[in-house]
Amino acid sequence: MGGGPSVPVVPLSRDRVVLVTGGNTGIGYEATKHIAMMGASVIIACRSQTRASQAIRRMNEEFSASKEAGTLPEGINQTGRLAVDCMKLDLASLKSTMAFIEAFKASGRKLHVLLCNAGLAMLPRSFTEDGYETMFQVNYLGHFLVIAHLLPIMKTSGSDCRIVFSSSGAHMYSEWKFSESKIKAEDPSAYGRMLNYGTSKLFQIHHMYCLSRRLKGTDISVTCLHPGIVRTEITRSFIDSTALAAMFGTFRMLGFTKTPLQGATTLIDAAVNPVWRGVSDVYLVDCKPSSTHSCARNKEYQDKVWKYSLECLKNYLPENVIESLEDRT
């Protein structure tokens, strides 16, 4: 229940660049630390650079303590400090997201693995400064913009590049009624905290399928995963709801929840395991392929969400970026 497969250990080159959104806490923190311990250079992108810097310091302290105690996972042979850096990214602001994109481009870095991990769960009805329902923008639309602009860098970064979405089994409970008013949550009666959260996660899986069609013939693979019900800070999003807090407490009491490291295992596996090299259109649960909801596999629905996303971001996507996203299958 709360357990699962062990964390994979794969020797990685310091030249291999991994970007983790929301890497300062929860499963993103554990994924960042363990991938860096394998040797890669990891960048965590999050809203607070202060919290990111604190997280990096804590990672190195934990790494040093494990070395001294002789408790590092077998196969980890790193010495010195972990190669972890941070950049500011607020996915709830398209302006901030573009500033991050331009900063990353200006850094001249390659990008081999993009872990789209940052997210919010079951928020009360709210909107971003851009006018979109918050979970839709943070969990889905902001990542869409990041990917659209960084794909050209990934295409020239070398072999075995990967995009991984931290989705959720909650996509199974989303109701497919696509409309702009649903996404923008303009009608309070149409808004449901679990429903809109699940829908944002469904859109991530739609994104996976749409991207993989457009990336055929490249060295970039695209996968999604469900990390499980994880005991992380994400629960702060619904602490105001007695019903949701009680539900999570019951899951925890019954042993259905995972620690952040247990939840991060599938994310780490998707990022580094050689078995997933070149593999796309896979939804992973406990490091194994699993089934998605039929709505997630519906190409008509996928294309509607894709078209709507381009419309939402039209002021942030120049013509050359849009051309690079054309479906050539």
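A cation-pi arrangement is absent between R213 and W306, since the terminal nitrogen or guanidinium carbon is not both under 6.0 Å from the aromatic centre and inside a 45° cone about the axis.
The shortest distance between side-chain heavy atoms of Y209 and V222 does not fall below 4.5 Å. A 4.5 Å side-chain heavy-atom check between V42 and V20 finds at least one atom pair inside the cut-off. In this structure, I205 and H293 have side chains that are not in contact, with every pair of non-hydrogen atoms separated by 4.5 Å or more. Looking only at side-chain heavy atoms (C-beta outward), R277 and R162 come within less than 4.5 Å of each other. A heavy-atom distance below 4.5 Å is found between the side chains of L211 and L151. Between S93 and T128, every side-chain heavy-atom pair lies at or beyond the 4.5 Å cut-off. Contact annotation: the side chain of V305 never approaches that of L202 to less than 4.5 Å [non-hydrogen atoms, C-beta and beyond]. Counting heavy atoms from C-beta outward, V272 and P8 have side chains that approach closer than 4.5 Å.
The closest donor-acceptor contact from the side chain of H112 to the backbone of S157 lies under 3.5 Å. The main-chain N or O of L261 is found under 3.5 Å from a side-chain atom of T265 such that the two form a donor-acceptor pair. The backbone N or O of L225 sits nowhere less than 3.5 Å from a side-chain atom of S167 that would complete a donor-acceptor pair. Although no hydrogens or angles enter the test, the distance criterion places a donor-acceptor pair under 3.5 Å between the side chain of Q204 and the main chain of N139. In this structure, the side chain of D130 engages the main chain of L94 through a donor-acceptor pair within 3.5 Å. A distance-only check finds no donor-acceptor pair linking the side chain of T97 to the backbone of G142 [under 3.5 Å]. In terms of modelled atom types and a separation under 3.5 Å, the side chain of N24 and the main chain of S48 share no donor-acceptor contact. At least one donor-acceptor pair closer than 3.5 Å links the side chain of N60 to the backbone N or O of I56. Proximity of a side-chain donor or acceptor of E68 to a complementary backbone N or O of A65 within less than 3.5 Å is not detected. Under the 3.5 Å distance criterion, the side-chain polar atoms of N273 are left unmatched by any main-chain donor or acceptor of W276.
Counting all heavy atoms, side chain and backbone alike, L215 lies closest to T218 at O-OG1, 2.6 Å. M135 and L123 make their closest contact through SD-N, 3.5 Å (heavy atoms, listed as atom of the first residue, atom of the second, distance). Nearest approach of L284 to P289, heavy atoms of both residues: CD2-N, 3.8 Å. Across all non-hydrogen atoms, the minimal contact from M154 to C161 is O-SG, 3.5 Å. The nearest pair of heavy atoms linking P318 to H149 is CD-CE1, 3.8 Å. When every heavy atom of L19 is checked against every heavy atom of A45, the shortest pair comes out as CD1-CB, 4.0 Å.
Using a cutoff of 4.0 Å between basic side-chain nitrogens and carboxylate oxygens, E61 and R58 are not scored as salt-bridged. With salt bridges taken as basic N to acidic carboxylate O contacts below 4.0 Å, one links D303 and K299. D281 and R297 are not joined by a salt bridge, as no carboxylate oxygen comes within less than 4.0 angstrom of a charged side-chain nitrogen. The pair K33-E62 meets the salt-bridge criterion, with a side-chain N (NZ, NE, NH1 or NH2) lying under 4.0 Å from an Asp/Glu carboxylate O. A salt bridge does not link K88 to D90: none of the charged side-chain nitrogens sits closer than 4.0 Å to a carboxylate oxygen. Look at K307 and E311 and you find no salt bridge, because none of the NZ, NE, NH1 or NH2 atoms lies under 4.0 Å from a carboxylate O. Between R16 and D160 there is a salt bridge, since a side-chain N of the basic residue sits under 4.0 Å from a carboxylate O of the acidic one.
How far NZ of K201 is from SG of C224: 9.0 Å, rounded to the nearest 0.5 Å. To the nearest 0.5 angstrom, Q49 atom CD is 10.0 Å from I44 atom CD1. Atom SG of C210 and atom CD1 of I147 lie 11.5 Å apart (nearest 0.5 Å). Taken to the nearest 0.5 Å, the NZ atom of K95 stands 14.0 Å off from the CG atom of N315. Summarising the geometry, atom OG1 belonging to T266 is positioned 9.0 Å from atom CD1 belonging to I27; distances are rounded to the nearest 0.5 Å. To the nearest 0.5 angstrom, I268 atom CD1 is 9.5 Å from L115 atom CG.
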Could you walk me through whether L72 and F63 pass the side chain to side chain contact (heavy atoms under 4.5 Å, CB included) check?
CA-CA 8 Å; L72 285 175; F63 177 51; 3.8 Å; yes
Decide yes or no on side chain to side chain contact (heavy atoms under 4.5 Å, CB included) for L82 and M37, but give the supporting numbers first.
CA-CA 6 Å; L82 301 176; M37 288 197 304; 3.8 Å; yes
Could you walk me through whether C46 and T21 pass the side chain to side chain contact (heavy atoms under 4.5 Å, CB included) check?
CA-CA 6 Å; C46 58; T21 65; over 6 Å; no
Evaluate the side chain to side chain contact (heavy atoms under 4.5 Å, CB included) criterion for residues F136 and N196: first the C-alpha distance (whole Å), next the side-chain angles of each, then the deciding distance (0.1 Å), finally the verdict.
CA-CA 8 Å; F136 167 72; N196 278 62; over 6 Å; no
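Under a hydrophobic clustering in which Ile, Leu, Val, Met, Phe, Trp and Tyr are joined whenever their side-chain heavy atoms come within less than 4.5 Å, directly or via other members, F127 and L120 fall into different clusters. There is a path of hydrophobic side-chain contacts, each under 4.5 Å, that joins Y308 to L313.
Inspection of the Y140 and S309 side chains reveals an N or O donor paired with an N or O acceptor under 3.5 Å. Under the 3.5 Å distance criterion, with hydrogens and angles disregarded, no donor-acceptor pair is assigned to the side chains of S280 and S221. No donor-acceptor contact under 3.5 angstrom links the side chains of H226 and S290, judged on distance only.
A centroid separation of less than 6.0 Å is found between the aromatic rings of H207 and F144. Residues Y283 and H171 bring their aromatic ring centres within 6.0 Å.
Within a 6.0 Å sphere centred on NZ of K105, heavy atoms belonging to other residues, nucleotides or ligands number more than 12.
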